[in-house]
Amino acid sequence: MERNKLINNFFIRFSVLCFVFIMPFADAFTEDIAPGNLKPFRILIIIGDQWKDPASYVVDMPNKAGEYSGYDAKPEVPGDWDFHHLAVLLKSWGIPFDVIRLDQQLLDRYMFLDMVGKPRYGTVIWDVNLSEKLLRADYSIITEMVNQYGIGFIALADRISQPEIQKLLGIKCNDSWESNDPMTTTGNHFLTREIVSPLLADPGPDVHMKREQVEILEGTVPIINQGFFVQATAREYSSGGRTVWIGNDYNYMFSFQGLRTLLRRAITWTIGYNLYKTWENAVIMIMDDPGGAQNAWLKHWNYAPLNQQTIENYLIKPLQAHQAVLNINFVPAFVNDAKKRLEPTWNQKFTDGFGLEHDNISGKKGFDEGIKLGVFEVMCHGLTHMQPDLVSDPGWYGSELEKERSEVGWYREFGDTRRNREIPAAEQLWRMKTGMAWLQEQFGVTPLEFWPGGLGSSISYFNNTPKLAAQAGFGWCGWETGYLGEDMVITNWLFFGTPESPLLLWALPDAHDFGITREPEKFATVFDQYPQKRFMGMNEFIGYLHASNSGGWNAKEKKLIIRLDYDPHYCMDFNKRSTVWNLEFSDWLLNELGEGYKLKTDGEYTSGNEREVVVPPGTGMHSIEISFTP
Ligand SMILES: [Zn+2]
């Protein structure tokens, strides 16, 4: 009896759940997505063995491969960076994706199709290297997906050794050799229309790049040339499937702005539409250390903390005048030497051993004001900015100012830089979570960025500091380490100061509150150096990186519905601001469905035919509905 009741309850609950969660989607992404041209908004990246983490969680820049380029007497060839770069690019644009790795997975039709045989992805990015570690794969599945289901296909560099893939792209690849000939666009194709030609590489060290030499088969359109050789192509199939090959060196191709833009345009062209974020004018300005204890104990870093008046006059006022945000890495706990324990930072008032007066109570008032006015954003600089173990040899508590106390290794928290070893995972996690909780209590806001003091961190896989910070619930590891999420961690982030990522700037004069205590008037000069920039909050950036977007068609009504799902934790910044995305359509889609369209955002008509879509504030689910009118 009891058991039957339980089962009944289960079925009732289950059907209610189905009704609540499945019904709205069934309504939106209707049954008849036509094969070919009406594609879902999600990307499948397929790689070989470039993801070094066997657990498929941490995406890092692989180490040097131990190979010689032929140029130097050192084995200076880097590891395979291509997958890392792809992950950074797609995350920074907010374009949703999944990853298949052919060193662990068997290529299967249902990786591309749902249970009833409809495409799950609008396009595939093919980045499969040649490696003995790959499992046996039937590459004709890819041909089938493009030819019969109209899924788009974008392939990179020389990751096209498979004959099926070359045939699909309509090229025959001979090999690659070094070339520094300039790349130029050719014709007036949608894919290259917004690319500056010749293509320019970001500033950086000169490198020796490979160029593929390919032959073009009939029906394939060359879109970029490098010297005598085609370096990018496009091809269309009657199924609605479109393929793009973007050539050049797999490690360095995305140092060209033009090839980054080409990848993004290729996503638009193969799917037919795209919703993405770019960061042309954005700056994230960061300052470290308020609340830290090291400035009381470390002789070369000794200063009195900022007081309320300095904060008001030299930080808040200029920030307000420029509608700017300063992102501050705060330290919530202070190490009290006399009591041999840690304590909350902001009620500390004392004179240090060098004779300086520390008044954190006054400083706190200034920081509170700035937070209330929206010009300061609270980020987490760990818990104490000091070693967890201050007792064991050689011991910090009670040590002399000119001896142990002056060793900088004591003032790091997530790597034991005094004893040259790592900090265990559990201790790190406790410090991260407690740092977050204390800052919440001290300032009334949740920090989403985590930055280990003085870069002191642990690097082995289990103690990996960025990985643990993701586990603790942070969304970004600062300053420039990268994305932290439940889906993945991406370190060694790239492309700052380009459309792909905001420019990171340190607060003048020296990135720390220390500099402001010495030369407070220097702080505001940043606004003369970057007059046109928008100084934004870190949490806004984190919100976009964590937006979970999806899209699909109501084929009968020629309606495209894009859903934006803003997580209440990672996207909390969107409670206080509207979000702005770029909406881009390919030429063929507009030709087919009509140049004119109407936009509804969250059910309200907004203007049509605009590149930027503004979504009202609020976390949770939003929708953009696009109706095409022939
Ligand atoms: Zn610091």
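First listed ligand is number 1; within each ligand, the first listed atom is number 1. Because only heavy atoms are used, hydrogens play no part in the values below, and waters and symmetry mates are left out as well, while side chains stay in.
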* Asked: Pick from Arg577, Lys576, Lys277: which one makes a salt bridge (charged side-chain N to carboxylate O under 4.0 Å, His left out) with Glu540?
  ->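 With Glu540 as partner, Arg577, Lys576, Lys277 yield a single salt bridge (charged side-chain N to carboxylate O under 4.0 Å, His left out), made by Arg577.
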* Any side-chain donor paired with an acceptor under 3.5 Å for Gln442 and Trp346? ->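 Checked: Gln442/Trp346 side chains pair up, N/O donor to acceptor below 3.5 Å.
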* Asked: Near Glu521 CD, under 6.0 Å, is it more than 12 heavy atoms from other residues, nucleotides or ligands?
  ->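 Counting other residues, nucleotides and ligands, CD of Glu521 exceeds 12 neighbours.
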* Asked: In terms of heavy-atom contacts, does OH of Tyr314 have more than 12 from other residues, nucleotides or ligands at under 6.0 Å?
  ->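 No, OH of Tyr314 has 12 or fewer neighbouring heavy atoms, counting only those of other groups under 6.0 Å.
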* Strictly under 2.8 Å, is any N, O or S atom of Asp289 next to the Zn ion (ligand 1)? ->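 Yes.
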* **His381 backbone or side-chain N/O/S under 2.8 Å from the Zn ion (ligand 1)** =>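 Checking His381: at least one N, O or S atom is under 2.8 Å.
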* Have a look at His385 and say which of its N, O or S atoms is nearest the Zn ion (ligand 1). =>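 Relative to the Zn ion (ligand 1), the closest nitrogen, oxygen or sulfur of His385 carries the name NE2.
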